[in-house]
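This report refers to the structure that appears directly beneath it.
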Amino acid sequence: MEGVKWILKKHGFFAALLWIFVIISGIALEKRGFEKDTEEMPGAPVVEEHIKESDTELSLWLLPQTENCLFTEAEKEELKDTALTAAAQVREVYKDIEFTGKPSYGSNIKEFTKEQRRKAVALLGRAGYVSVTEDVNMENYEKVEDFYTAYMEKRDAMVTIFNVNRDGLIGAVTFIYRNNELQTYYVGIGWQKDTSMPYGVIKETLVSDIAEIKLTGKGYFIYAYKDLTAHSSLRQYWRIKPLSDQCRELTAKYVYGLSYVNYNVLVTNWDRNNVEDILMPCMFEDIYWIHTGENLKTENRRIPADTYEKIMTTYFPVSVEQLRERCGYDEGSGSYAHEMIFASPYPPFGEVVDYTENPDGTITLIVDGVWADYNSDLAFTNKIVVQPFEDGTFRYLSNSIESKELKAPRGNK
């Protein structure tokens, strides 16, 4: 459920639906691939080609494929060999993996940690490959910049990005620009284990038409498929230029989890003098998750007042009286109504790009709104002041927002 929460925060409800669907099939969203069952001989690489039209309607719904391939057969074979060679570079990361033993279209790896993903990316980068995973700086990103430069100059070019997914699968996504057209060739690498060391196997391949690509000023590589997968985001993206570890940590602690579209915390200029303007019942669900790391569970859709008030008065400069007036307090039951969030599609998300540690112990965060679905990595900028506490909690003290490339969402009234 943590993955669902992350997708909801960053990409919206419809993308979350797709994510759930993809996890069931074991394939990350960027892969746009689907595993076909085959018999495999231990110790030998296995190539599993993408499914035919005669397979399931489900596959057709998920996986639009192009009929006119820009890649030659020789290039596709070479890219498969490259993917397997790259997988051999990270075998040591997978040496202690355990498989669930259950039928799965995914990696079937019991647990694949963030540290393992980081190590795999580093090893791939050390071997000269462009590699990335969630919340980690891309290795050898300059090759993506070179590809984009060639594209802008109308020169044929190709680049491969190795994406290490949460479940341990590796997706090799090759972008090609040829004859004034764009495509991707995807090679999905899964894992099998023999008596000594796991080895990579090709699980699926897929060719897809790309409608457009853009490399933003801050370094987001944003691309859109011509044929959108049902319920998917308008565009996919990677941050290719590095972001400092400190900015990533501050983002994770203070910004990750807040919404630009469901309530007014990030889209209203406020401080303790007008904090009532942001108080809305639906915001508690997200603040509870920031506080506990867990999704909110209620009985009869009610939240005990002591829980609600303790958390909200910790994270905002508000009084119990203000909460009871604005957030649906029921005196008879001593509780607040649970107002669920139904996220809008294609929301922006914030990332800390700079910060100042103030003399009074507060921190001023400079947060850029990234709205990849609208080709922007600087849609607007927030200045958020937070007050850390010794127990690890903190308080949002104020927010101001300035439109840059796009207008800020309106939030809710």
Side-chain angles (χ1 to χ4, degrees), residues 1-13 16 249-272 274-299 301-330 334-344 347-352 362-363 365 367 369 382-401 409 411-413:
M1 291 305 294
E2 180 180 353
V4 176
K5 189 79 175 182
W6 179 83
I7 293 291
L8 278 169
K9 299 307 170 194
K10 295 190 80 170
H11 301 293
F13 178 70
E249 291 171 7
L250 291 170
T251 299
K253 184 172 181 64
Y254 298 116
V255 181
Y256 178 80
L258 291 178
S259 171
Y260 278 94
V261 296
N262 297 316
Y263 39 81
N264 298 326
V265 172
L266 294 177
V267 296
T268 298
N269 295 329
W270 65 270
D271 57 25
R272 63 176 63 251
N274 67 327
V275 68
E276 296 98 332
D277 294 344
I278 65 168
L279 293 180
M280 304 171 64
C282 68
M283 65 190 287
F284 180 78
E285 183 175 337
D286 282 353
I287 306 306
Y288 179 87
W289 183 83
I290 288 171
H291 178 65
T292 65
E294 300 176 356
N295 291 330
L296 178 64
K297 297 178 181 179
T298 64
E299 292 187 11
R301 299 182 62 80
R302 306 297 302 182
I303 305 164
D306 56 350
T307 300
Y308 195 103
E309 292 165 1
K310 180 180 179 180
I311 291 175
M312 289 296 287
T313 56
T314 296
Y315 286 88
F316 294 95
V318 296
S319 66
V320 170
E321 291 72 26
Q322 288 171 314
L323 291 171
R324 294 188 174 187
E325 180 180 347
R326 296 274 184 154
C327 296
Y329 175 72
D330 177 68
S335 65
Y336 291 80
H338 174 208
E339 185 173 305
M340 293 184 64
I341 291 176
F342 296 96
S344 302
F349 65 91
E351 64 177 7
V352 176
T362 62
I363 306 172
L365 307 174
V367 179
N382 290 76
K383 184 181 290 186
I384 304 172
V385 179
V386 296
Q387 179 182 3
F389 298 129
E390 290 184 359
D391 63 358
T393 62
F394 59 90
R395 179 170 295 156
Y396 296 105
L397 296 179
S398 66
N399 172 73
S400 62
I401 185 167
N412 288 304
K413 299 299 183 184

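What you see is a predicted model, and the numbers here were worked out from it, not measured in a lab. All residue numbers in this chain count up from 1 along the given sequence.
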message = In the structure I gave you, are the side-chain heavy atoms of Tyr396 and Ile290 within less than 4.5 Å of one another anywhere?
response = yes
key: CZ (Arg272) with more than 12 external heavy atoms under 6.0 Å   = no
request  = Could you verify whether a donor N or O on one side chain and an acceptor N or O on the other, from Asn264 and Asp277, lie under 3.5 Å apart?
outcome  = no
ask   = Looking at side-chain heavy atoms only, is the closest gap between Tyr260 and Pro409 below 4.5 Å?
value = yes
ask   = What closest approach, in Å, do Leu397 and Trp270 show between heavy atoms, and which atom pair accounts for it?
value = O-CZ3, 3.4 Å
task = Any chance you could measure Glu339, atom CD, to Arg301, atom CZ, to the nearest 0.5 Å?
result = 9.0 Å
inquiry  = Quick check for you: to the nearest 0.5 Å, what is the distance between Asn269 atom CG and Ile278 atom CD1?
reply    = 11.5 Å
Residue pairs fulfilling salt bridge (Lys or Arg N to Asp or Glu O under 4.0 Å) with at least one residue in residues 303-323, sequence neighbours excluded = Glu309-Arg324
inquiry  = Quick one: does any side-chain atom of Arg395 pair with a main-chain N or O of Thr314 as donor and acceptor, under 3.5 Å?
reply    = yes
inquiry  = I need the Glu285 CD to Met340 CE distance, nearest 0.5 Å.
reply    = 6.0 Å
ask   = Measuring from Tyr315:OH to Phe389:CZ, what's the distance to the nearest 0.5 Å?
value = 9.5 Å
inquiry  = Could you check whether any side-chain heavy atom of Leu279 comes within less than 4.5 Å of a side-chain heavy atom of Leu323, counting everything from C-beta outward?
reply    = yes
key: Donor-acceptor under 3.5 Å (Thr251 side chain, Val352 main chain)   = yes
task = Please check if the side chain of Asn382 supplies one atom and the backbone of Leu266 the other of a donor-acceptor pair under 3.5 Å.
result = yes
Spacing of CD belonging to Gln322 relative to CD belonging to Glu276, to within rounding of 0.5 Å = 4.0 Å
inquiry  = Do Glu351 and Val255 make a side-chain contact, defined as non-hydrogen atoms from C-beta onward lying under 4.5 Å apart?
reply    = no
query = Quick check, are the ring centers of Tyr336 and Tyr329 under 6.0 angstrom apart?
reply = yes
remark   = All heavy atoms of Pro317 vs all of Val275, minimum pair found to be O-CG1, 3.6 Å
key: Rounded distance [0.5 Å steps], CG in Asp286 versus CG in Asn262   = 7.0 Å
4.5 Å side-chain heavy-atom contact, Ile363 and Tyr254 = yes
inquiry  = Donor-acceptor pair, distance only, cut-off 3.5 Å: does the side chain of Asp271 make one with the backbone of Ser400?
reply    = no
ask   = Do side-chain atoms of Thr292 reach the backbone of Glu294 as a donor and acceptor pair under 3.5 angstrom?
value = yes
inquiry  = Taking the side chain as everything from C-beta on, heavy atoms only, tell me whether Cys327 gets closer than 4.5 Å to Tyr308.
reply    = yes
query = So, does Lys253 use its side chain to make a donor-acceptor pair with the main chain of Gly392 at under 3.5 Å?
reply = yes
ask   = Do side-chain atoms of Asn295 reach the backbone of Trp289 as a donor and acceptor pair under 3.5 angstrom?
value = no
task = For Val261 and Pro348, work out which heavy atoms get closest and say how close.
result = CG1-CD, 4.1 Å
